[in-house]
Every structure is written in C-alpha cells, then in structure tokens.
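What follows is a set of notes on a single structure, which appears directly below.
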Number of protein chains: 2
Amino acid sequence: MNNESEKKDLFGICPYFTSQKVLSGKWALLILHYLEEKTLRFKELERALAPITQATLTKQLRNLEEHGLITRTVYNTIPPKVEYSLSELGHQFKPVLDSLEKWGELYIAHMERKDF
Amino acid sequence: MNNESEKKDLFGICPYFTSQKVLSGKWALLILHYLEEKTLRFKELERALAPITQATLTKQLRNLEEHGLITRTVYNTIPPKVEYSLSELGHQFKPVLDSLEKWGELYIAHMERKDF
DNA sequence: CAGAATCCCGAAAGATACTG
DNA sequence: CAGTATCTTTCGGGATTCTG
C-alpha cells in the first residue's frame, strides 16, 4: 500500500535519489566501510567512529537497518550483546564504497594541489 | 596551511568523509549525472531537475563548483548564457555514479520485494 | 553493554520577490 | 536568462540524562 512512506520526492523511483537518502547520513559510509570488513558490536563501532555519540550512532544504525543494509542481532545475555553486520544488500554496496574511496583520494590530492 | 577550512572533522583526511560532504547535497548526484552526459545551461538543468527552485539549484551548483567538480562558463551576451560542465575531477566521479546507479536499482528491487 | 528519551542548535532546502 | 536577497521551515547531528 502506498502509505505515508510515499515521502514527497522520487525516492523509490530514481536510483540517485534513493542513494542520496541512504548516504546522506554523516556516518553512513564509515559504518558500511567498517562492517564490510567484519561484524562488529555496538561498542566496537562506537570506538571505531569516535568521537561519535551513542545517540547518533544508534540513529545511524537504525536508519541503515530500516533501509535493509545492515542486520542487527541481539544476544540475550548479561551484559547485553548486539552485533551488526551487512545484509546482502549491504554487501552489494561494496562497489560503491570502493569507487568512492578511490575518488575521495583523487579529490584530496586535488585539494592539496591547489593547497590554499 | 591549516586555516579556517580545517572544519571540525576528518574532511580532507578520510576519503569517506570527504565524499560525504560533497554528496550530501540533495541534488548533487542528479546534477553530476546530467552533466556527465553533456554540458547544460542553467535553465536546462532547472528543467531537468524540476521541481527544484532557482535558489536551491544555484546553491548546489556553487557548492559543486567550489569543490572543483564542475566548471562554470559565462557568455557575456544578451540574454545571458551560462554553461555548466564537469571538470576533470568531475568526470573522474563517473565510476561512483555508475556503481551507485546499479546499487540503487538493486535497492529499489529490494524494496518492492518486501513491498509494504 | 546497548540503548531510549529530550532538548537544542546550525545547516540546508524551499518559498518568494526582485534585478542586470 | 541567470541569477541575488530574505525569510521561513525542516531536519539531522550532538549533548545530556536515565535505564533494563
């Protein structure tokens, strides 16, 4: 059904708009990058992404989870243990990360050239 | 020199942060996509990106220009004519656009599957 | 440990009106 | 045509506090 999630724009129609929404999160790319290497616990991610705050990390993770990129696994132990890993859709994002990383380096080199 | 452009984060150090800044513009990807095909005038872009507003389009273009991705060419004619095209750095972004487009389609397919 | 709940703030987008 | 100038609004990120 076309409910409230109809949003207002081309989300769900145009690949670029779709991607933009997912990637607009400040830490999204970093999170995907780290999870690409291996499954991580909440605390491990928090440390890797320092100085991110707990609240922000939670939001970013929820966002990526809702978009189907990551999987959240809860272990009912004491103390609690929650692991995050990439879903299939998340792993399929790898090519984007790779090309993005390469371009980012080109960009940085470009900036250094015109130093200022 | 490390002036005010030092910002506050890893911009200029980490490729992902760098990319994130550039791509965070709501229309950035679309603009790059259209300019990848051919040079366009302001009005042409505006039509292609409808319902974007003039003010917003101007901001997005200035942003991409400052980041060195696009080139702005002004013809002193009446009426005025301004053309936008990709710089070398902009063209080097192509692989990202391609991989992003492919993933975006996977994402859309994924959403349709779990329809809701 | 892994969060949830609030509050706050700045940046970005949109709406609108005006101009060389 | 290709903007600029304002104003308003929205939204996401960060800080802080509390909890099972």
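Every chain is numbered from 1, with letters handed out A, B, ... down the list of sequences.
At a threshold of 4.5 Å between side-chain heavy atoms, the hydrophobic network of Ile, Leu, Val, Met, Phe, Trp and Tyr places B/Val74 and B/Leu61 in one connected group.
A salt bridge links B/Glu46 with B/Lys43: at least one charged nitrogen is closer than 4.0 Å to a carboxylate oxygen.
For residues 63-85 of chain B, the pairs satisfying salt bridge (charged side-chain N to carboxylate O under 4.0 Å, His left out) are B/Lys81-B/Glu83, with sequence neighbours left out.
Following rounding to the nearest Å, A/Arg62 (CZ) and D/dG12 (C1') show an atom-to-atom distance of 17 Å. Atom-to-atom, CD1 of A/Ile31 to P of D/dG12 comes out at 15 Å; the value is rounded to the nearest Å. Atom NZ of B/Lys21 and atom C1' of C/dA11 are 9 Å apart (whole Å). Here the C1' atom of nucleotide D/dC1 and the CG atom of B/Leu61 are 14 Å apart, to the nearest Å. Across the protein-nucleic acid pair, A/Lys81 atom NZ and C/dG3 atom C1' stand 17 Å apart, rounded to whole Å. Between B/Leu57 atom CG and D/dT4 atom P there is a gap of 11 Å when expressed in whole angstrom units. D/dG12 atom P lies 8 Å from atom CG of A/Asn63, rounded to whole Å.
In terms of modelled atom types and a separation under 3.5 Å, the side chain of A/His67 and the main chain of A/Asn63 share a donor-acceptor contact. Within the 3.5 Å criterion, the main-chain N or O of B/Gly104 finds no donor-acceptor partner in the side chain of A/Thr18.
Listed by chain and residue number, B/Pro95, B/Val96, B/Ser99 satisfy the side chain to side chain contact (heavy atoms under 4.5 Å, CB included) test with A/Ser99 (two or more places apart in sequence, or in another chain). When the ring pair (Phe, Tyr, Trp, His ring centres under 6.0 Å) test is applied to B/Tyr16, the partners found at least two apart in sequence or on another chain are A/His33.
The aromatic rings of A/Phe93 and B/Trp103 sit perpendicular, their planes meeting at an angle over 60°, well past the 30° parallel limit.
Contact annotation: B/Arg72 does not reach the phosphate of D/dA2 (side-chain N/O to OP1 or OP2, under 4.0 Å).
The local environment of CD in B/Glu88 is sparse, with at most 12 non-hydrogen atoms from other residues, nucleotides or ligands closer than 6.0 Å.
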Quiz prompt | nucleotides 13-20 of chain D: protein proximity per nucleotide (B base, S sugar-phosphate only, - neither; heavy atom, under 4.0 Å) | solution = BBBB---B

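A/Tyr84 comes within 4.0 angstrom of the backbone, heavy atoms only, and of no base.
In terms of heavy atoms, B/Leu32 sits closest to B/Leu69 at CD2-CB, 4.4 Å.
Within a heavy-atom distance below 4.0 Å of DNA chain C, the residues of residues 35-47 of chain A found are A/Arg41, A/Phe42, A/Lys43.
Side-chain contact check for A/Leu57 versus A/Phe42: some heavy-atom pair is nearer than 4.5 Å.
Helix-axis bend for the helix from C/dC1-D/dG20 to C/dG20-D/dC1: the local axis fitted to the five terminal pairs at one end deviates from that at the other end by 50°, rounded to 10°.
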